[in-house]
Enquirer: 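What follows is a structure written as structure tokens; I'll ask about it next.
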Number of protein chains: 2
Amino acid sequence: MEHDVTSGTPATRPALTRGRIVRAAIGLIEREGAGALSMRRVAAELGVAVMSLYNHVPNKAALLEGVAEHVVAGMELEDDPSRSFADRARVLVRAFRTVAHEYPRCMTIVLTHEIDSPAGLRPAERALALADAAGFDGETSVRIMRALLAYALGAQLRETGAVRMLDHLAAAPADSYGRLDPDEFPHVIALAPQLARHDPETDFEFGLDLLIRALDALPRAASRPLDEDPGTAQG
Amino acid sequence: MEHDVTSGTPATRPALTRGRIVRAAIGLIEREGAGALSMRRVAAELGVAVMSLYNHVPNKAALLEGVAEHVVAGMELEDDPSRSFADRARVLVRAFRTVAHEYPRCMTIVLTHEIDSPAGLRPAERALALADAAGFDGETSVRIMRALLAYALGAQLRETGAVRMLDHLAAAPADSYGRLDPDEFPHVIALAPQLARHDPETDFEFGLDLLIRALDALPRAASRPLDEDPGTAQG
DNA sequence: TACGTCCGACGTACGTTGTACGTACCGTGT
DNA sequence: ACACGGTACGTACAACGTACGTCGGACGTA
């Protein structure tokens with residue numbers, strides 16, 4: 001054909017790779033939304049034939065999983081072991097929120113798809129480490145991790161999928177107030193201004209504070225020195 | 001044609017309706033999974049031509065929204081105003097969890113799609129009512145509602161989308177332990193048994209307790225008598 | 001009874017999607 | 001020089017969402 005490139009030559013084209021495919025998909029999603037993602041579009045993005053993708057990705061679901069994996073792998077899990085459990089936990093959960101801001105339109109995919117790679121376990125490992133270091137037993141550490149994860153996921157999900165009807169309330173109060181039965185929704189109507197106000201950051205921190213203060217108040221053994229074997233903590 | 005039925009006669013066929021379409025979709029999803037839902041399948045389910053659906057539902061997205069709406073509308077929001085704020089809040093959040101058990105395979109849809117109908121606001125109204133009755137100001141009530149919602153959504157999302165890798169850890173420990181770098185994931189490996197153990201109920205209640213106890217400890221005005229106008233609480 | 005109007009069920013058809021399959025080519029080991 | 005494994009590619013197909021036109025029964029009015 002007219003190709004001046006031989007297939008495998010990186011000199012003219014950067015070599016097709018699972019990583020490049022995933023990044024292209026992410027770029028596409030961020031620019032045009034998750035609905036715009038198709039194998040054909042990704043291929044076009046990379047200047048490649050559609051079926052070439054399948055040499056590196058078994059199917060579209062796997063590509064989506066790759067997207068999710070790449071995003072959570074982008075979490076910056078810095079940690080300062082000298083700080084308190086509460087502070088460290090806060091930093092950890094906020095890290096998730098930070099990537100959520102970095103890849104806003106990928107978040108539905110991240111939240112929806114399960115991640116089957118070590119990258120997905122890094123935040124879990126970190127959470128368990130914090131809890132363990134704080135003196136919680138294994139069982140409790142796992143539950144703490146799950147509670148933190150649930151809140152991180154849920155807060156993000158709620159924010160992106162914010163019920164539109166509340167926006168209607170704000171946008172056209174006259175119309176929407178009328179559509180809402182005042183007998184059934186007195187509080188929603190009365191609190192419409194607060195409901196319409198978007199301050200995701202404060203909302204997020206409010207719930208996070210609640211959860212972490214409650215965790216901090218949980219009964220536990222004294223926090224142990226850092227050099228002790230963490231694995232022996234669970235009974 | 002061979003129709004012994006006249007189109008609009010309910011005597012032979014129960015009359016095509018948005019409600020029947022939505023219920024058929026839900027049935028399909030619960031039986032075969034969300035991936036199996038297509039307009040054609042739904043039509044077949046109802047013994048109806050595909051395009052007939054579009055007389056009652058503008059498009060597939062609207063159908064999905066209908067599914068989500070129907071599910072949350074199925075929440076049984078019983079309430080006992082004589083009980084404490086904490087108890088009432090617990091009951092409310094558990095109600096969401098109950099429908100999640102009733103329509104497990106619809107949950108991804110419910111979580112993903114925003115609900116643009118009064119039905120979606122009923123739980124919100126309830127949460128605001130509880131918080132208001134407990135003496136929280138409007139701003140705080142809204143934040144409390146959001147925190148509860150975030151946890152409810154997140155806990156459910158986490159449970160359904162439970163990271164499969166943890167299952168691998170349980171299923172084939174030998175293999176998976178080997179695949180996991182012990183230096184990077186010491187706690188995950190050490191706590192593998194606890195991580196693999198599925199006790200969603202206890203996990204859910206653990207986090208819910210944390211959150212609600214923290215809410216209960218929040219500073220607030222004394223709870224007001226029930227006959228007072230709730231709408232005046234917010235500044 | 002006859003007729004005009006409207007609505008809902010339906011068939012056809014188009015563009016887009018994911019991907020199974022076969023082919024052609026490259027670089028590499030022998 | 002030659003066979004081989006991997007990768008890029010084109011073709012092809014089934015299934016999808018849905019725009020559009022048609023058609024026949026229900027119903028108000030005469």
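Proteins come first, then strands; the chains are lettered A, B, ... in the order of their sequence lines, and each starts at number 1.
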Enquirer: Tell me which donor-acceptor pairs under 3.5 Å the side chains of residues 24-32 of chain B have, and how far apart each pair is, sequence neighbours excluded?
Expert:
| from | atom 1 | to | atom 2 | distance (Å) |
| --- | --- | --- | --- | --- |
| B:E30 | OE1 | B:R105 | N | 3.4 |
| B:E30 | OE2 | B:R105 | N | 3.2 |
| B:E30 | OE2 | B:C106 | N | 3.1 |
| B:R31 | NH1 | B:E45 | OE2 | 3.1 |
| B:R31 | NH2 | B:E45 | OE1 | 3.3 |
| B:R31 | NH2 | B:E45 | OE2 | 2.6 |
| B:E32 | OE1 | B:R41 | NH2 | 2.7 |
| B:E32 | OE2 | B:R41 | NH2 | 2.5 |

Enquirer: Check salt bridge (charged side-chain N to carboxylate O under 4.0 Å, His left out) between B:R97 and all other residues, then give those that pass, not counting sequence neighbours.
Expert: B:E159, B:E201
Enquirer: Side chain to side chain contact (heavy atoms under 4.5 Å, CB included) with A:A95: which residues, sequence neighbours excluded?
Expert: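 With sequence neighbours excluded, A:A95 shows a side chain to side chain contact (heavy atoms under 4.5 Å, CB included) to A:M75, A:L77, given in chain and number order.
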Enquirer: Can you sort out the partners of B:T202 under side chain to side chain contact (heavy atoms under 4.5 Å, CB included), two or more places apart, ordered by chain and number?
Expert: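 Checked B:T202 against side chain to side chain contact (heavy atoms under 4.5 Å, CB included); matches are A:R143, B:D199.
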Enquirer: Could you pull out every donor-acceptor pair under 3.5 Å between side chains of residues 55-66 of chain A and any protein atom, sequence neighbours left out?
Expert:
| from | atom 1 | to | atom 2 | distance (Å) |
| --- | --- | --- | --- | --- |
| A:N59 | OD1 | A:A61 | N | 3.3 |
| A:N59 | OD1 | A:A62 | N | 2.9 |
| A:K60 | NZ | A:L37 | O | 3.2 |
| A:E65 | OE2 | A:D116 | N | 3.3 |

Enquirer: What residues, two or more places apart in sequence or in another chain, satisfy salt bridge (charged side-chain N to carboxylate O under 4.0 Å, His left out) together with A:R197?
Expert: B:E139
Enquirer: Quick one, which residues of residues 50-63 of chain A touch DNA chain C with a heavy atom under 4.0 Å?
Expert: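 Heavy-atom contacts with DNA chain C come from A:V50, A:M51, A:Y54, A:N59, A:K60.
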Enquirer: What are the residues of residues 16-42 of chain B, sorted by number, that bring a heavy atom to within less than 4.0 Å of DNA chain C?
Expert: B:L16, B:R40
Enquirer: List for me each residue that meets side chain to side chain contact (heavy atoms under 4.5 Å, CB included) alongside A:S52, sequence neighbours excluded, and say none if there are none.
Expert: A:L16, A:V48, A:A49
